[in-house]
Amino acid sequence: MNQRSARVRLTTLAVAAALACGATLLTNAPAQADTATFVKASEWSGGYTGQITVKNTGTATLNGWTVVLDLPSGTTIGSYWDSLMTQSGSKYTFKNREYNGTLAPGATATFGWVSAGTGAPTGCTLNGNPCAGGPSPSPTPTVTPTVTPTVTPTVTPTVTPTVTPTVTPTVQPGGTLWMAPYVDMGAWPTPVLSDMVTASGVKNYTLAFVGAGTCKATWFGAYDPRSGWGKDQIDAIRAAGGDVKISFGGASGVELAQACSDVTALYNEYKAVVDTYGLKYIDLDIEGAATQDTASVNRRSQALAKLQQTYPNLKISLTLPVLPEGLVESGINVVKSARDAGVNLDLVNVMAMDYYRDADYGDAAIQAANSTFNQLKTLYPAKTDAQLWKMLGVTPMLGKNDDGRTFDQADARQLVAFAKTKHLGMLSYWEATRDRNACNGPLYKCTNIPQTPYEFAKIFVGYNG
């Protein structure tokens with residue numbers, strides 16, 4: 001729009017016992033066999049960050065690896081990184097990415113995930129052999145008694161009492177911002193969010209935009225987020241019972257992934273903003289040439305996955321251009337990149353605006369939502385329809401669009417009604433100060449249709465999921 005402590009080694013048949021007690025348990029595996037070692041890198045009530053390190057202990061190059069493991073009932077994987085993951089029931093399969101599959105003798109590759117539930121992996125195999133290394137051995141009298149007395153008493157009580165009451169807050173710690181319109185924080189005079197809450201009834205906002213200056217986060221090229229610019233306003237929003245999402249990018253700025261050539265540097269800039277404002281939600285508004293810049297798209301995805309490793313509860317949305325027929329190919333590729341990097345996307349938010357065609361813009365917004373839902377169904381086949389609708393956000397442009405077409409109050413009521421039937425993950429709009437001004441004039445500050453101040457806000461605020 002314009003403007004990751006208990007370290008444990010996975011073993012053969014005794015792997016579950018070793019993981020449950022947090023000890024290191026080894027079998028008589030050949031020393032030269034490839035291994036995969038599991039640790040809980042961090043833990044909290046109801047979940048943990050898991051990490052597996054694949055090591056080539058042989059004398060020849062390892063070309064590709066596949067790790068397969070099971071998780072006990074009540075434990076599931078959400079976000080993951082540095083691997084490609086598929087799931088069949090309780091069994092998870094992790095395959096190397098294109099950049100970490102070739103391991104020279106002695107080399108390692110590490111991947112990880114965030115678990116909802118506290119159960120540790122069992123039955124781990126690496127390229128078909130036990131993760132402790134060597135060919136799968138035949139059961140022997142020395143292995144059997146190790147498994148039987150140890151697994152039964154320790155795994156069951158860990159899963160049953162702990163997981164049930166804690167999964168929900170782990171998945172949705174900050175609730176859902178069902179309606180969070182964009183505010184152009186670079187508008188003049190600077191918007192006063194607390195005044196907007198009082199006048200409009202809207203409690204939650206998406207603050208735009210944090211851009212880049214030589215791989216440094218900046219509010220629209222003017223203020224360093226590390227200084228806490230605008231934090232008093234965000235504090236006021238929270239004190240009134242709302243919250244904010246900060247959006248990076250935008251049509252007229254440079255998104256950080258384009259300015260930072262290093263994943264770690266990019267991660268540090270995102271993290272600085274999250275830390276300064278104590279964010280639970282961030283948005284990446286990716287438009288124009290940025291959607292087609294494969295290097296920055298993949299760099300962004302890796303940095304966001306790393307950010308979610310640090311903050312497992314952080315909710316991330318991608319805001320992308322859309323047509324009534326759905327996301328264009330470059331937009332689909334942005335979602336695929338995030339998915340394949342292991343980003344647990346909260347939302348794919350489509351900019352239902354500026355189609356540059358004759359159409360009813362209320363009908364077009366709904367068609368775009370339906371089309372994008374069908375695309376998400378292909379991208380995330382394991383998700384239910386309800387989960388996919390909740391993963392979808394829609395953001396029209398109020399009043400006159402840049403293409404001269406109009407999204408009016410009747411279109412807003414039509415979109416809100418549709419969102420209620422599908423239980424969309426979010427409604428938003430561009431942009432709150434235009435709704436406030438209720439004027440004719442430049443599109444960056446006026447809707448250029450007849451309206452009263454905050455008339456659109458009072459229509460959209462009726463949406464609560």
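Nothing here was measured: the structure is a model prediction, and the numbers come from that model. Worth knowing before you read on, the calculation uses all heavy atoms, side chains too, and leaves out hydrogens, waters and symmetry mates.
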Checklist entry - Can you check whether F456 and Y429 have ring centres sitting under 6.0 Å from each other? => result no

Next on the checklist: Side chains of Q87 and Y92 only: does a donor on one sit below 3.5 Å from an acceptor on the other?
Outcome noted: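 Indeed, the side chains of Q87 and Y92 share at least one donor-acceptor pair under 3.5 Å.
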
Next on the checklist: Between T53 and T110, do the side chains contain a donor N or O and an acceptor N or O under 3.5 Å apart?
Outcome noted: yes

Checklist entry - Given F460 and V202, is the side-chain contact (heavy atoms from CB on, under 4.5 Å) satisfied, shown in steps? => result CA-CA 9 Å; F460 276 87; V202 175; over 6 Å; no

Please confirm whether the backbone N or O of [Y] pairs with a side-chain atom of [X], one donor and one acceptor, at under 3.5 Å?
X: N268; Y: T264; result: yes
X: S428; Y: A180; result: yes
X: Q387; Y: T384; result: yes
X: D360; Y: A364; result: no
X: N63; Y: T102; result: no
X: N56; Y: G106; result: no
X: T319; Y: D285; result: no

[X] vs [Y] side-chain heavy atoms within contact, under 4.5 Å:
X: L103; Y: K55; value: no
X: V394; Y: L424; value: yes
X: L307; Y: L314; value: yes
X: K390; Y: L347; value: no
X: L279; Y: D243; value: no
X: Q308; Y: I316; value: yes
X: L177; Y: Y281; value: yes
X: N349; Y: L320; value: no

Starting at [atom1] of [X], measure out to [atom2] of [Y] and round the result to the nearest 0.5 Å.
X: E431; Y: L398; atom1: CD; atom2: CG; answer: 8.5 Å
X: L69; Y: T125; atom1: CG; atom2: OG1; answer: 8.0 Å
X: L427; Y: L415; atom1: CG; atom2: CG; answer: 5.0 Å
X: Q292; Y: I286; atom1: CD; atom2: CD1; answer: 12.5 Å
X: Y270; Y: T310; atom1: OH; atom2: OG1; answer: 14.0 Å
X: L376; Y: L379; atom1: CG; atom2: CG; answer: 6.0 Å

Checklist entry - Are Y277 and K231 close enough, and set up right, to give a side-chain contact (heavy atoms from CB on, under 4.5 Å), and what steps lead you there? => result CA-CA 7 Å; Y277 298 103; K231 189 174 184 300; 3.9 Å; yes

Checklist entry - Excluding sequence neighbours, so at least two apart, what forms side-chain hydrogen bond (donor to acceptor under 3.5 Å, both in side chains) with N333? => result none

Between [X] and [Y], how do the two ring planes meet: parallel, tilted or perpendicular, split at 30° and 60°?
X: Y355; Y: Y361; answer: perpendicular
X: F111; Y: W65; answer: parallel
X: W430; Y: F209; answer: parallel

Give me the atom names and distance for the closest heavy-atom approach of [X] to [Y].
X: F418; Y: A369; value: CE2-CB, 3.7 Å
X: E269; Y: C260; value: CG-SG, 4.4 Å
X: V273; Y: P225; value: CG2-CB, 3.9 Å
X: L193; Y: M185; value: CD2-SD, 4.2 Å
X: S296; Y: A290; value: OG-O, 4.1 Å
X: K216; Y: L256; value: C-CD2, 3.8 Å

Checklist entry - Stepwise, does the side-chain contact (heavy atoms from CB on, under 4.5 Å) test hold for T176 with D346? => result CA-CA 9 Å; T176 297; D346 180 46; 5.8 Å; no

Checklist entry - Does any pair with a residue in residues 364-383 pass side chain to side chain donor-acceptor pair (under 3.5 Å), and if so which ones, sequence neighbours excluded? => result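 Listed once each, the pairs are K377-D385.
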
Checklist entry - Does the cation-pi check pass for K306 over Y267, that is, NZ or CZ under 6.0 Å from the six-membered ring centre and within 45° of its axis? => result yes

Next on the checklist: Here's a test for you: under side chain to side chain contact (heavy atoms under 4.5 Å, CB included), which of T35, V39, V67 qualifies with I52?
Outcome noted: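 Testing each of T35, V39, V67 against I52, the sole residue satisfying side chain to side chain contact (heavy atoms under 4.5 Å, CB included) is V67.
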
So that I can tick it off, tell me whether [Y] and [X] are bridged by a salt bridge, with the cut-off set at under 4.0 angstrom between side-chain N and carboxylate O.
X: D283; Y: K245; answer: no
X: D275; Y: K271; answer: yes
X: E255; Y: R299; answer: no

Next on the checklist: Please evaluate residues R339 and V343 with respect to the criterion side-chain contact (heavy atoms from CB on, under 4.5 Å), reporting the C-alpha separation (whole Å), side-chain torsions for both, the decisive distance (0.1 Å), and the verdict.
Outcome noted: CA-CA 5 Å; R339 179 200 66 185; V343 181; over 6 Å; no

